[in-house]
Undergrad: 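Sharing a structure below in structure tokens format, with a few things to ask.
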2 protein chains.
Amino acid sequence: MSYETEHIAASLKKARASKGISQRELAKRSGVPQSHISKIESNAVDLRISSLASLAHALDLELELVPRKAAPAVRSIARNAITQNNRGNADALNELNRTLRALNTLPKALQENTATQTLHKQLSEISNLRNTIHQTGALHQLRTTLEAIEGNDGLKEIRKAARDAKRLRNELVHNVAPTETQESKPAYSLDDEEDDDA
Amino acid sequence: MSYETEHIAASLKKARASKGISQRELAKRSGVPQSHISKIESNAVDLRISSLASLAHALDLELELVPRKAAPAVRSIARNAITQNNRGNADALNELNRTLRALNTLPKALQENTATQTLHKQLSEISNLRNTIHQTGALHQLRTTLEAIEGNDGLKEIRKAARDAKRLRNELVHNVAPTETQESKPAYSLDDEEDDDA
DNA sequence: ACCATCGATATATAATAACATATCATTATC
DNA sequence: GATAATGATATGTTATTATATATCGATGGT
């Protein structure tokens, strides 16, 4: 196949890797079969626009036709957006690590409490979602809440933190940005936000 | 078909109109049949990437997957490139018109010369290529050459102008920018520049 | 009136994408 | 060692694109 289709295939593969999801996960989100995604990413098919659009949508990409003269500027903007996204991810992972450390240095009496263990579990699950974490602000708030606890007087704060962490974890599983309201989302993404491990 | 494919179809149609070429002309340049182009532009097929790439190439466009967040900025850059292209076209047409006027105000003795008639013919043919004309500089030079002619002492200049106009016309027919050297062109566009009306 | 060109539509055929389903070798985790 | 998950590959079927070729009604130029 041509250079152009190869370029598209490489862009899709890179975007999926950057999001940290598997071909099977992308198949679920896009409706395109995993085996077909494998072929697409290795440039083994001349895929249809509708399939490309489905994959692009699932990867938060848009397909644009741009004047050749503007292509270098467009690629630069695309790279900047990716770089900023990666930086947001790095910052959030940093806050997450500091939150875990704050949790682990709580007094022993608090450590053995169920709320603390629930919080720990949620943060571990969040940690497993590595590349999709961008919630630097929310994690920062969790961390400063924990770091403010003195003595054994922190059960209330820990319980609240556990609830916040659970909500954050559920949002991440559905890849829903916490700032979006339900009403503003396009119809095709108004899916249930319940814990899908049930 | 979906919004996304509709968007692509509309972009293709607009780009072709902007270039001022017919579906049959685009079929020649891209290798995609005219009847298929008609279906594509009316969003009646879910076309393959390779076909889209062929059309994009013939229309001086590139296909890019860009992060959704960067899409507004990318569209703005694309619009700017198109606007500048249109402005370049308008400026060139303006110079062309002024060149024709300068030609028409030459002394009668020079008007009846074969070189003058040849020059007029070339400028008319250039005029027929309306949307693809961007050579403001070259046309400006032609115009100032003609405007500098005084009395009947301009045959040499007119002959040179006729040769320049013929070369410009041939370049336009092949849509080759005059600043590009032959060696720097990719192999697929190293086509013959002879007059194809022969 | 005649002619050329346009975009749209029709018909027939061949090639291939899209999909379902299954399985493989490899890797990582417990 | 067992298990789960991964990307790649295989088989079979169906629907659709891509193409060649032709033609139509509409439009514009001479």
Side-chain angles (χ1 to χ4, degrees), chain A residues 1-2 4-6 8-59 63 121 124-125 127-132 173 196-197, chain B residues 1-2 4-6 8-59 63 121 124-125 127-132 173 196-197:
Chain A
M1 219 102 43
S2 76
E4 190 69 52
T5 58
E6 199 173 305
I8 294 294
S11 294
L12 287 171
K13 183 167 180 138
K14 194 167 184 175
R16 181 177 64 79
S18 179
K19 262 180 129 50
I21 62 176
S22 65
Q23 287 179 353
R24 279 175 174 80
E25 178 57 33
L26 180 55
K28 273 193 209 166
R29 296 185 188 189
S30 65
V32 176
Q34 179 267 318
S35 52
H36 205 45
I37 289 171
S38 181
K39 283 186 191 166
I40 288 168
E41 286 187 357
S42 55
N43 206 31
V45 285
D46 187 357
L47 86 162
R48 307 256 189 92
I49 297 298
S50 63
S51 296
L52 178 58
S54 297
L55 292 169
H57 184 269
L59 293 168
L63 190 59
K121 179 172 168 272
S124 287
E125 292 191 16
S127 185
N128 287 336
L129 299 165
R130 307 191 66 67
N131 301 55
T132 62
V173 164
D196 62 357
D197 288 336
Chain B
M1 221 110 32
S2 77
E4 191 69 51
T5 59
E6 199 173 305
I8 293 295
S11 295
L12 287 171
K13 184 169 180 138
K14 193 168 186 175
R16 181 177 64 80
S18 178
K19 262 179 130 47
I21 62 176
S22 65
Q23 287 180 353
R24 280 178 174 80
E25 178 57 33
L26 180 55
K28 273 193 209 166
R29 294 184 188 190
S30 63
V32 177
Q34 177 268 319
S35 52
H36 205 44
I37 289 171
S38 180
K39 283 185 194 168
I40 289 167
E41 286 187 357
S42 56
N43 207 30
V45 285
D46 188 356
L47 85 163
R48 305 250 190 98
I49 296 299
S50 63
S51 297
L52 178 58
S54 297
L55 292 169
H57 185 269
L59 293 167
L63 189 60
K121 178 171 169 275
S124 287
E125 292 191 16
S127 185
N128 287 336
L129 300 165
R130 305 190 67 69
N131 299 56
T132 62
V173 163
D196 62 357
D197 288 338

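Proteins come first, then strands; the chains are lettered A, B, ... in the order of their sequence lines, and each starts at number 1. Given the structure is predicted, the values throughout are model-derived calculations rather than measurements.
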Undergrad: Rounding to a whole Å, what distance do you find between Arg48(B):CZ and dA15(D):P?
TA: 16 Å

Undergrad: Check this one for me: any side-chain N or O of Ser38(B) less than 4.0 Å away from OP1 or OP2 of dA8(C)?
TA: yes

Undergrad: Applying salt bridge (Lys or Arg N to Asp or Glu O under 4.0 Å) as the test, list every pair that has at least one member in residues 48-57 of chain B; sequence neighbours left out.
TA: none

Undergrad: Just how far, in rounded Å, is P of dT17(D) from CG of Leu55(B)?
TA: 15 Å

Undergrad: For the CD atom of Gln23(B) and the NZ atom of Lys13(B), what is their distance to the nearest 0.5 Å?
TA: 7.0 Å

Undergrad: Can you give one letter per nucleotide of nucleotides 25-30 of chain D, 5' to 3': B if a protein heavy atom sits under 4.0 Å from the base, S if only from the sugar-phosphate, - if neither?
TA: ------

Undergrad: Which value, rounded to the nearest 0.5 Å, describes the distance between Leu59(A) atom CG and Ser11(A) atom OG?
TA: 10.5 Å

Undergrad: Would you mind reporting whether Arg29(B) and Glu25(B) have side-chain heavy atoms less than 4.5 Å apart?
TA: yes

Undergrad: What's Ser22(A) touching, base or sugar-phosphate or nothing? Going by heavy atoms closer than 4.0 Å.
TA: sugar-phosphate

Undergrad: Could you check how far CD of Glu25(A) sits from P of dT6(D), rounded to whole Å?
TA: 8 Å

Undergrad: Closest-nucleotide mapping onto DNA chain C: is Ser51(A) or Gln23(B) further toward the 5' terminus? I mean the 5' end.
TA: Gln23(B)

Undergrad: Distance check needed: dG7(C) C1' versus Lys13(B) NZ, whole Å only.
TA: 8 Å

Undergrad: Rounding to a whole Å, what distance do you find between Leu52(A):CG and dA18(C):P?
TA: 10 Å

Undergrad: Considering only NZ, NE, NH1 and NH2 on the basic side and carboxylate oxygens on the acidic side, decide whether Arg16(B) and Glu41(B) come within less than 4.0 Å.
TA: yes

Undergrad: Determine, stepwise, if the pair Ile37(B) / Leu12(B) fulfils side-chain contact (heavy atoms from CB on, under 4.5 Å).
TA: CA-CA 10 Å; Ile37(B) 289 171; Leu12(B) 287 171; over 6 Å; no

Undergrad: What is the distance, rounded to the nearest whole Å, between atom CD1 of Ile37(B) and atom C1' of dC6(C)?
TA: 13 Å

Undergrad: Rounding to an integer number of Å, can you tell me how far Ile40(B) CD1 sits from dT9(C) C1'?
TA: 15 Å

Undergrad: Rounded to the nearest 0.5 Å, what separates atom CD1 in Ile40(B) from atom CD1 in Ile49(A)?
TA: 9.0 Å

Undergrad: Check every atom of dA8(D), dA8(C), dT19(D) against the side chain of His36(B) and return the nucleotide holding the closest atom.
TA: dT19(D)

Undergrad: To the nearest 0.5 Å, what is the distance between CD1 (Ile8(A)) and CG (Leu47(A))?
TA: 9.0 Å

Undergrad: Taking Ser50(B)'s backbone N and O only, do any of them form a donor-acceptor pair with Ser54(B)'s side chain (distance below 3.5 Å, no angle check)?
TA: yes

Undergrad: Determine, for nucleotides 20-30 of chain C in 5'-to-3' order, which nucleotides have protein heavy atoms under 4.0 Å from the base (write B), from only the sugar-phosphate (write S), or from neither (write -).
TA: SB-B-------

Undergrad: Nearest-Å distance, CD (Glu41(A)) to C1' (dG7(D))?
TA: 9 Å

